[in-house]
Amino acid sequence: MRTIFITGASGGFGEAIARNLSQQNCKLILTARNEEKLLKVCEDITKNTHSQVLPLIFDVQDSAACEKAIHAIPEAFKQIDVLINNAGLAVELDPIHKGSFEDWERMINTNVKGLLYVTRLISPQMVERKSGHIINIGSISSREVYCGGGVYCATKHAVLALSQAMRSDFLPYNIKVTQVSPGAADTNFSTVRFHGDKARADKVYEGYDPLVAEDVAQIVEFILSRPPHVCINEIIFTPTAQFNGAIHRQ
Ligand code: NDP
Ligand code: 8X3
């Protein structure tokens with residue numbers, strides 16, 4: 001039974017990936033900060049599938065909390081075969097001259113440093129076993145930039161650099177590294193970006209069909225179903241109405 005560790009599984013892509021992969025009877029380690037939401041996902045999976053689930057509540061921005069949570073993983077879940085670095089966020093849509101240091105720090109600390117902390121703590125056992133798969137959730141923003149998205153896009157460009165560096169570092173150890181780079185998807189992402197302003201968030205998805213979390217889950221399912229000799233390095237996919245940063249609205 002494969003053990004799969006997913007960060008940011010209390011909603012959005014992480015939850016959809018967990019629910020999708022749980023159909024294959026695996027051991028899932030699901031993490032997030034919101035205990036109530038995460039436990040609900042875990043309970044549903046336990047009730048409806050034969051997968052085993054371990055919830056871990058911690059903030060990926062906090063290196064000591066990452067260490068404490070990961071070191072305390074019980075023996076039955078300790079051998080991690082797949083790490084999915086998904087936890088991430090955007091905060092606001094400010095041009096650089098109006099941006100807030102606090103918002104910038106949250107994005108950089110979550111999207112870049114959080115991904116690094118978790119990978120640093122989990123990858124040594126993959127290196128030792130000479131097997132494993134790391135999937136980093138990047139974005140179309142790993143390759144494009146848009147007005148007001150400077151720091152978010154910079155963090156996702158950094159994720160792409162790290163995915164490529166990991167692929168290179170882990171090449172001698174038979175560890176696959178894949179970056180998944182989706183375009184606009186209707187999750188809680190924009191509501192978080194706009195501090196809970198749902199009306200403003202809904203406008204982001206008006207006039208076209210955005211991706212939904214299950215689209216991302218199906219891509220991850222495909223990536224993980226390739227045979228051992230095939231590593232997908234990156235998949236970029238967008239709503240049909242989006243090319244690079246531009247969205248065509250009806
Ligand atoms: P959601 O806001 O729906 O989900 C984000 C998840 O990340 C939640 O489970 C949240 O859980 C978790 N999370 C956020 N901050 C932290 C933290 N500091 N520590 C631990 N967990 C955290 O967004 P999406 O599902 O859309 O986003 C998932 C990933 O996909 C992100 O990396 C995002 O940048 C990327 N992405 C999103 C796109 C989109 O258009 N939606 C497109 C391309 C990429 P909790 O709050 O409980 O901690
Ligand atoms: C978030 C999606 O379209 O704002 O990564 O780049 S988008």
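First listed ligand is number 1; within each ligand, the first listed atom is number 1. All residue numbers refer to positions in the sequence shown, counting from 1. Computed from a prediction, not measured in an experiment: that's the story for all the values here.
For Gln179 and Ser181, the side-chain atoms include at least one donor-acceptor pair closer than 3.5 Å.
Using a 4.0 Å cut-off between heavy atoms, Lys156 contacts ligand 1 through its side chain alone, with no backbone atom that close. The backbone of Ala184, and not its side chain, has at least one atom closer than 4.0 Å to an atom of ligand 1 (non-hydrogen atoms only; backbone = N, CA, C, O). With a 4.0 Å heavy-atom cut-off, ligand 1 is reached by the backbone of Phe58 but not by any atom from C-beta on. Here Thr110 has side-chain heavy atoms under 4.0 Å from ligand 1, and that is the only part of it that gets that close.
The two residues Gly88 and Asn111 make their nearest non-hydrogen contact at CA-OD1, 3.2 Å. Between Ser51 and Ser22 the shortest heavy-atom distance is OG-O, 2.8 Å. Across all their heavy atoms, Ala9 and Leu30 have their closest contact at CB-CB, 3.8 Å.
Comparing Ser10, Gly114, Ala213 against atom 45 (P) of ligand 1, the shortest heavy-atom distance belongs to Ser10. Nearest-heavy-atom check against atom 22 (C) of ligand 1 across Ser141, Ala87, Ala65, Ala9 picks out Ala87.
Of the protein's heavy atoms, Gly8 CA, 3.5 Å lies nearest to atom 12 (C) of ligand 1. In this structure, atom 34 (O) of ligand 1 lies nearest to the protein heavy atom Tyr152 OH, 2.7 Å. Among all non-hydrogen protein atoms, the one lying nearest atom 4 (O) of ligand 2 is Tyr146 OH, 3.2 Å. Looking only at heavy atoms of the protein, atom 40 (O) of ligand 1 is closest to Ala185 N, 2.8 Å. Closest to atom 7 (S) of ligand 2 among all protein heavy atoms lies Ser141 OG, 3.8 Å. The single protein non-hydrogen atom nearest to atom 5 (C) of ligand 1 is Gly88 O, 3.9 Å, given as residue, atom name and distance. Nearest non-hydrogen protein atom to atom 36 (N) of ligand 1 is Phe13 CE1, 3.5 Å. Here the heavy atom of the protein found nearest to atom 44 (C) of ligand 1 is Gly138 O, 3.1 Å. Given atom 42 (C) of ligand 1, the protein heavy atom at minimum distance is Gly183 O, 3.2 Å. The closest protein non-hydrogen atom to atom 28 (C) of ligand 1 is Asn86 OD1, 3.2 Å.
Enclosure of atom CD in Glu206 by more than 12 non-hydrogen atoms of other residues, nucleotides or ligands within 6.0 angstrom is indicated. Within a 6.0 Å radius of CZ in Arg129, other residues, nucleotides and ligands contribute more than 12 heavy atoms. The 12-atom threshold is exceeded at CD of Gln125, counting heavy atoms of other residues, nucleotides or ligands nearer than 6.0 Å. Atom NE2 of His195 sits in a crowded spot, with more than 12 heavy atoms from other residues, nucleotides or ligands closer than 6.0 Å. Around the CG atom of Asn244, the shell of radius 6.0 Å holds more than 12 heavy atoms that belong to other residues, nucleotides or ligands. Around NZ of Lys203, the count of heavy atoms belonging to other residues, nucleotides or ligands within 6.0 Å does not exceed 12.
Ligand 1 has a nitrogen or oxygen under 3.5 angstrom from a nitrogen or oxygen of Arg33. By the 3.5 Å distance cut-off applied to N or O atoms, Thr187 is counted among the residues near ligand 1. Close N/O approach between Pro182 and ligand 1 is not found [any backbone or side-chain N/O within under 3.5 Å]. Considering backbone and side-chain N/O atoms, Ile140 never comes within less than 3.5 Å of an N/O atom of ligand 1. Of the polar atoms of Val60, at least one N or O is found under 3.5 Å from an N or O of ligand 1, judged by distance alone. For Ile137, no nitrogen or oxygen atom sits less than 3.5 Å from a nitrogen or oxygen atom of ligand 1, counting backbone and side chain alike. For a threshold of 3.5 Å applied to N or O pairs, the pair formed by Ser139 and ligand 2 contains at least one separation below that value.
For ligand 2, the atoms lying closer than 4.0 Å to a non-hydrogen atom of Ala184 are 3 (O). Short contacts between ligand 2 and Ile140, defined as distances under 4.0 Å to a heavy atom of the residue, involve ligand atoms 3 (O), 6 (O). Of all the atoms in ligand 1, the ones that sit under 4.0 Å from a non-hydrogen atom of Gly12 are 3 (O), 25 (O). Numbered from 1 in the order shown, with element, the atoms of ligand 1 that lie under 4.0 Å from a heavy atom of Gln61 read 18 (N). Annotation for ligand 2: atoms under 4.0 Å from non-hydrogen atoms of Tyr152 are 1 (C), 5 (O). In the vicinity of Phe189, heavy-atom distances shorter than 4.0 Å reach the ligand 2 atoms 1 (C). Interface of Asp59 with ligand 1, defined as ligand atoms under 4.0 Å from a residue heavy atom, comprises 17 (C), 18 (N), 19 (N). If you number the atoms of ligand 1 from 1 as listed, the ones under 4.0 Å from a heavy atom of Gly11 come out as 9 (O).
The cationic atom of Arg226 (NZ for Lys, CZ for Arg) lies less than 6.0 Å from the six-membered ring centre of Phe222 and within 45° of the ring axis. Tyr208 does not carry Arg249 over the face of its six-membered ring by the limits of under 6.0 Å from the centre and within 45° of the normal.
Using a 4.5 Å heavy-atom threshold, the side chains of Asn20 and Val220 count as separate. Residues Asn136 and Met166 form a side-chain contact, since some pair of their non-hydrogen atoms from C-beta on lies under 4.5 Å apart. Annotation: side chain of Phe5 is not in contact with side chain of Ile84 (no heavy-atom distance under 4.5 Å).
Every heavy atom of Lys37 sits 4.0 Å or more from the atoms of ligand 1. Distances from ligand 1 to the non-hydrogen atoms of Ala16 include no value under 4.0 Å. The shortest separation from a heavy atom of Thr7 to ligand 1 is not under 4.0 Å, leaving the residue out of contact. Using a 4.0 Å heavy-atom cutoff, Arg106 is absent from the residues neighbouring ligand 1. Distances from ligand 2 to the non-hydrogen atoms of Gln242 include at least one value under 4.0 Å.
Although no hydrogens or angles enter the test, the distance criterion places no donor-acceptor pair under 3.5 Å between the side chain of Tyr173 and the main chain of Glu128.
Between Tyr152 and Phe189, the ring centre distance stays below 6.0 Å.
At a threshold of 4.0 Å, the pair Glu67-Arg120 does not count as salt-bridged, since none of the basic side-chain nitrogens sits closer than that to a carboxylate oxygen. Checked for salt-bridge contact, Arg19 and Asp44 meet the test: a charged N lies under 4.0 Å from a carboxylate O. Checked for salt-bridge contact, Glu92 and Arg200 meet the test: a charged N lies under 4.0 Å from a carboxylate O.
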